[in-house]
Colleague: 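Sharing a structure with you now.
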Amino acid sequence: MEEDLGYPSWGGRPAENPLRTAFAERMRTHHGRRLDPAHVREFTDIDQSLQAVLNVAT
C-alpha cells in the first residue's frame, strides 16, 4: 500500500478500501439504510464533497 501525502492509495484499487464496507455497515445498523459499498466514495475534506454534490446537482 503506497501512500501519497499520508493517504493510502489501496494499490490503485479504491474498491478494496475497507472504509467503504465499514461505512455501509454503519449506515445499515444505525439508520436502516442499505448501501452498496461500491457506490460509497471517500473525500479528504468538505470542499471535495461539496464540489461533487454541486457537479451532480447542477
Side-chain angles (χ1 to χ4, degrees):
M1 175 172 51
E2 288 184 29
E3 294 184 10
D4 182 25
L5 302 175
Y7 297 103
S9 68
W10 304 107
R13 296 179 300 276
E16 294 181 10
N17 186 338
L19 296 176
R20 291 180 178 192
T21 304
F23 178 76
E25 180 62 21
R26 179 175 170 78
M27 289 299 290
R28 186 187 66 75
T29 59
H30 285 77
H31 303 289
R33 302 279 315 241
R34 295 196 181 274
L35 302 176
D36 181 355
H39 294 156
V40 174
R41 298 293 180 263
E42 57 280 338
F43 296 97
T44 58
D45 61 27
I46 190 71
D47 294 332
Q48 280 186 326
S49 55
L50 286 175
Q51 181 181 10
V53 169
L54 289 173
N55 285 338
V56 171
T58 59

Colleague: Give every residue pair that meets the side chain to side chain donor-acceptor pair (under 3.5 Å) criterion with at least one member in residues 49-58, sequence neighbours excluded.
Modeller: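 Not a single pair qualifies under side chain to side chain donor-acceptor pair (under 3.5 Å).
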
Colleague: Give me the other members of the hydrophobic cluster that Leu35 sits in, counting Ile, Leu, Val, Met, Phe, Trp and Tyr linked by side-chain heavy atoms under 4.5 Å, directly or via other members.
Modeller: Phe23, Met27, Val40

Colleague: Taking side chain to side chain contact (heavy atoms under 4.5 Å, CB included) as the test, write out the residues that go with Thr21, two or more places apart.
Modeller: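 Residues passing side chain to side chain contact (heavy atoms under 4.5 Å, CB included) with Thr21: Pro37.
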
Colleague: According to side chain to side chain donor-acceptor pair (under 3.5 Å), who are the partners of Glu25, at least two apart in sequence or on a separate chain?
Modeller: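 Here the qualifying residues are Arg28.
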
Colleague: Going by salt bridge (charged side-chain N to carboxylate O under 4.0 Å, His left out), name the residues that satisfy it together with Arg26, two or more places apart in sequence or in a different chain.
Modeller: none

Colleague: Going by side-chain heavy atoms closer than 4.5 Å, which hydrophobic residues are tied to Leu50, directly or by a chain of links?
Modeller: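 Answer for Leu50: Ile46.
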
Colleague: If a pair satisfies salt bridge (charged side-chain N to carboxylate O under 4.0 Å, His left out) and one of its residues is in residues 29-49, list it, with sequence neighbours excluded.
Modeller: Arg20-Glu42

